[in-house]
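Everything quoted here is computed from the prediction, not taken from an experiment. Order of the sequence lines fixes the chain letters, A, B, ..., with proteins taken first and strands second; residue numbering starts at 1 for each chain.
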Amino acid sequence: MLFTSYAFLGFVAVLFLLYYIVPRRWQWGLLLGASYLFYALAGTEYLAYILVTTVTVYYTALRIERNADRQTGYLKEHKNELTKEEKKAYKDRQKSIRLRWILAGLLLNLGILAVVKYTNFAIANLNGLLHAFGKGESRQLSFLDLALPLGISFYTFQALGYLIDVYRGTVRAQRNFFRFALFVSFFPQLVQGPISRFGDLSQTLYAEHAFDKKTFSFGLQRILWGYFKKLVIADRMLVGVNALIGDPEAYQGAWVLVGMFFYACELYADFTGGIDITIGIAQTLGITLQENFERPFFSRSLKEYWRRWHITMGTWFRDYIFYPISVCKFMQKFNKACRRYLGEAVGKRLPVYLSSFVVWFATGIWHGASWNFIVWGLGNWAVLMVSETLEPLYDRFHQRFGAGGKAYRLFEVVRTFLLVSALRTFDCYRSVPVTFRMFGTLFTARNWNILWDGSLLGLGLSLLDYGILAVGVLMLVSVSLLQRHGSVRERIFAKPYPLRFVLWYGLFLTVLLMGAYGVGYDASQFIYNQF
Amino acid sequence: MEILQDLHPDVDFETEEHLVDDKILDSFDIVSLIAEINDNFDIAITAKDILPENFNSAQALYELIRRLEEEA
Amino acid sequence: MSENERNAGYIKDVENAKNKRYKSLLRGIVSALIVLVSLYLLQRLLVPKYVDDVVEGAFIAEYYGEEKDFDVIFIGDCEVYENFSPAMLWEQYGINSYIRGSAQQYIWQSYYLLEDTLRYETPDVVVFNVLSLQYDKAQREAYNRMTLEGMEWSAAKVKSILASMREEENFLDYVFPILRYHTRWSGLSGTDLEYMFDTKPVSHNGYYMRVDVKAAQDVPQGRILADYSFGEKAWDYLDRMRELCAKEGIELVLIKAPSLYPYWYPEWEEQVEEYAFAHGLRYINFLELGEETGIDYATDTYDGGLHMNLSGAEKLSAYFGSMLSEELGVPDRRKETELSSRWEEKLAAYEAEKQEQYRYYGMQP
Amino acid sequence: MMKKVYRKMQGKRVAALLAAAMVLAAGCGQAEKTVEGSVENIQSADRSDGTEGEAGQAENGDSGQDAAQSSEVQQGQAPEAASGATDGYFFTSNGVAIVIDADAAPIIEKLGEPASYFEAASCAFEGLDKMYTYAGFEVDTYPTGENDYISTVILKDDSVATGEGVVIGDSLEKVQEVYPEGNQQENGTIVCEKGGMKLCFIMENDTVKAIEYRSTVLE
């Protein structure tokens, strides 16, 4: 079920109704049922995958926690009998048992993810290698026909985050299997995140929620705003994006810049819109989800951008990959060695660069099993490392020229936006050589006149569409600007009822009339829109 | 304290209590900080100890170090 | 504070709360009303009116405004609504007939239109054009719309929609057409406002008149098909049509209009002949009756052999009318005064449009 | 006691209501599912049409970014008529390549005077499907906006051959040899899909009876 289908709206509407009718202690059970129904509708064959992950992580977490509890109990009981060394030995023994459990859990689930998501990628690369060494066509491996289960990257990460948290002792394991199943499968966030932490989500997920008019309508408002972003802006822009990336040969030079800008806006509107819908749905159910964005395009550096874009993914990678790698024993030793042999300045940085390389490689491949995503991830890494290395230089520069004024800040924001969008083209063209070639044409094509000679109207978007997009993007920017001073919905809420009504109903009508949905927007039907 | 001061000469670590929450310390800082502390105090701060409440102030950090020294 | 004062305050609070609840209830009702009314108006504004451009979309709905006691009902695609003139049938034979035709009407749609028609009346004869047997699924959403939207809501309409929908379509779009036509706001014209609530007649008892001429030439042979047998769904609905007519005591007549294109394959002809023979149905292939009807493809079509123009349609009607009254005993009702006076008006409109079109195309009648 | 039982009953009733409503919602989901199915088809078609490694590997709606792309795939079916280049099969007559979904005007001009010409109005719509017949083959077009595009090329006799050298009258074996990727369908027709078009061989008694290049845009 796509968020933008009638079926999904119907599904959610029925759920809302039931949610506040059934006895409150049933609410989370209802959500579990709804989530599994949602999942089954995407394909019953996928249910096995999510069930395996749920069962294994649930069980592993319990084993780990039981072991930890036993350890505490044992130490307490024998507090006075054991020497310090004995205690330590016992602790280490128990710890290695726990380590084995968690490794089993992690490997199994990451293994499933790797197999369904990356097998064909690996085969393609292997075939490429075989080919390069002249083994010819006869040895080519055929691709596996594995369906990618809905949201597998998201729920796997969410479940593993929980497992690691239990291992670290930062959260208590969930004893009720069905409650845990809900945590893994909670349907609004299944498709595109956010990746929740158990410690956060469990606080509201299982609670009993009375109907609260304000929370409920705030949730609806957020959903509406999400649909505005998605249907009015993103899906309209998509027509242009598709035209541009569908035929790279025809759209070179200045078109690449146009494509860059379109794709950046389209992706922002689509992704944040989707998250708005997700968080909005959760809010109408009285459940609080982590925010996933914090006006990312206002960032002044790439580093800041990554703290504000897809936040839950970024922090996941930070907490569960970057930190463990950075502070593990090997890295500590490596750190020391580096500092000794390479000097303080370089030696201090090298280990961090190494571990962030791993993180960005993982981030890239997480987005998709193909080289363009890996190059995109590593591109981000390279830019981040360069700016990190040059930071002292920047600082001196800033001090010398007193850069810190509004104009300079604006420059930084624009620079970051361009940088992010440029890196994004790797995932837009979906092919590394094509992306490089297209960037090359920026300097050779010299077709700047397309920006004003009407060629833009040849992308399948009319002047009216451009008008709507311009107003829409302007609205996004102004709402973002307003958000810096607190919740916009709260502000509107403080206004008199007729004004609020006009505002929200107006937004609803905008989505209804200007949304790119339905048969009239089906690409194959475009040709026959002759009414 | 010196280590902290080294990282960000412009911040007053004596009084600041939201080092992480206010994004004064980023992940890179935290990692270099840990490397230094582990080295100097001969303890092992591990990934599970990297919680905002442990790094929000110099005081919290000091308590973390003391706790880990005791455990070791 | 005395007891009384406290009570008064309490009562006041209760009243305030009551007032507040009352107010918010009122607010809710008023808002809901505004939403519903404005959405309804918007929908009326946005749906296509089919009054001047693509008038074919308005045919199905026009039937409901009629006095429904027809003796002959035609169902089918453009090969019925462009090829037979009920006005002619009345003038010459006193046959009271109506064409429930629409552009590329599929056989299941024809069947459900028949079901729909039977809700109001039971004619003596139903005439079905067999060209649509070639389709086993809807070809284009736009055609579905033009046939289905005009129908009044009934079980027949629901079944027809479900049988017709293409993969990309959605039932909800039929219930709330505003969802389907929401993008039309940018292309609205004066007619959308003018015909927001009423419509104007665009057909003559379902007949679509054209007087211009374009001779048929170079009509291509059909391309070779892999499979000439009609689909299961098509046969199924033909069976149902036959059974329904038999049950209601209606004479079902199958026809193939004399259109040269789309090509009517001999293999198709064979299947229909066999079916008609097996079930004792009357089947008339007008393609083979050129001499009897007197159709001249140089003067009687307006688009090179696809559809008849007025001259062709009147020739066909003259021939078919005599068959209807003589062989099938469809009554001559010209003596019924009320019916006659209704037809008087219709014939006047028919004549007026004829003249108007002759003028428009610069032709001599 | 009674009360408790009653509550239980009530619980059951709510559960039934719940189930019913869910099924209802699920029922609405049916149409949607087929849409998703078609997305999958397009993707697998993508994969098979010979794009190298990475490009064909696009995954659907899994990671956040891909949410955008899943809808992209859905709408990415717009006619590729704009540029002349094609990955599909095409027929060549006197050095003129007749590419499916290409702008018809220049091609028709180069082909010269047709032996016969016919235009077919579709019921109720503006615009005409046009058919040009030449010696041995026929070219059909469909209108989109202002222009006409090639919808079908039909080889009519054995005086003309496909780009790969198959003519009417050839055997099933020959077709299978020249077009190993061809799919034989229930009615015997062999369909080769490539670059958003279809090359079809209509068979009778294991001999080629007709050959058609078809656009898939109109399907």
Side-chain angles (χ1 to χ4, degrees), chain A residues 75 84 87-88 91 95 164-171 199 294 299 301 303-304 306-308 314-315 317-329 331-340 344-345 347-356 359 384-385 387-389 391-392 395 399, chain B residues 1-13 16-72:
Chain A
L75 289 177
K84 207 172 173 184
K87 266 190 207 164
K88 195 167 167 12
K91 263 196 205 165
K95 199 176 167 188
I164 298 172
D165 282 348
V166 170
Y167 175 76
R168 289 176 178 172
T170 41
V171 300
E294 202 195 323
S299 304
S301 68
K303 194 172 173 181
E304 189 184 346
W306 276 110
R307 275 204 305 263
R308 297 167 68 160
T315 52
F317 276 110
R318 187 194 67 200
D319 291 351
Y320 300 120
I321 296 186
F322 178 72
Y323 282 152
I325 293 180
S326 304
V327 302
C328 72
K329 280 196 186 112
M331 268 303 185
Q332 297 287 333
K333 272 186 211 144
F334 182 62
N335 190 336
K336 255 188 224 168
C338 283
R339 278 194 289 181
R340 193 173 318 137
E344 193 70 11
K348 217 168 76 181
R349 290 213 175 86
L350 208 57
V352 189
Y353 288 7
L354 192 68
S355 41
S356 41
V359 168
L384 284 172
M385 293 313 114
S387 58
E388 183 76 22
T389 314
E391 206 177 280
D395 285 344
Q399 267 160 17
Chain B
M1 189 55 81
E2 269 165 44
I3 304 169
L4 283 173
Q5 222 47 274
D6 250 9
L7 278 171
H8 283 275
D10 49 335
V11 178
D12 180 6
F13 286 96
E16 197 56 65
E17 289 192 343
H18 301 279
L19 290 171
V20 178
D21 294 343
D22 289 352
K23 296 178 183 127
I24 297 166
L25 286 183
D26 62 22
S27 52
F28 279 35
D29 295 334
I30 289 177
V31 170
S32 354
L33 190 63
I34 290 171
E36 301 261 347
I37 293 172
N38 285 356
D39 213 18
N40 288 342
F41 294 88
D42 196 27
I43 54 167
I45 298 180
T46 56
K48 76 169 187 197
D49 304 312
I50 308 179
L51 299 170
E53 57 262 34
N54 285 340
F55 285 81
N56 258 338
S57 67
Q59 184 62 34
L61 195 54
Y62 176 65
E63 270 157 28
L64 173 72
I65 295 168
R66 253 192 22 202
R67 189 163 48 101
L68 286 173
E69 273 180 327
E70 258 172 42
E71 274 181 33

Visitor: Give, as side chain, backbone, both or neither, the part of A:Lys87 having an atom under 4.5 angstrom from any heavy atom of chain B.
Guide: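 Neither part, no heavy atoms under 4.5 Å.
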Visitor: Roughly how far apart are B:Ile34 CD1 and A:Met331 CE, rounded to 0.5 Å?
Guide: 13.0 Å
Visitor: Got a second to check how far A:Tyr323's OH is from B:Asp49's CG, nearest 0.5 Å?
Guide: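 So the gap between those two atoms works out to 12.0 Å.
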Visitor: In chain order, what residues pass the ring pair (Phe, Tyr, Trp, His ring centres under 6.0 Å) check against A:Phe322, with sequence neighbours excluded?
Guide: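 Per chain and number, A:Phe322 pairs via ring pair (Phe, Tyr, Trp, His ring centres under 6.0 Å) with B:Phe28.
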Visitor: Quick one: salt bridge (charged side-chain N to carboxylate O under 4.0 Å, His left out) partners of A:Asp165, sequence neighbours excluded?
Guide: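 A:Asp165: no salt bridge (charged side-chain N to carboxylate O under 4.0 Å, His left out) contacts found.
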Visitor: Heavy-atom distances under 4.5 Å only: say whether A:Ser356 touches chain B with side chain, backbone, both or neither.
Guide: side chain
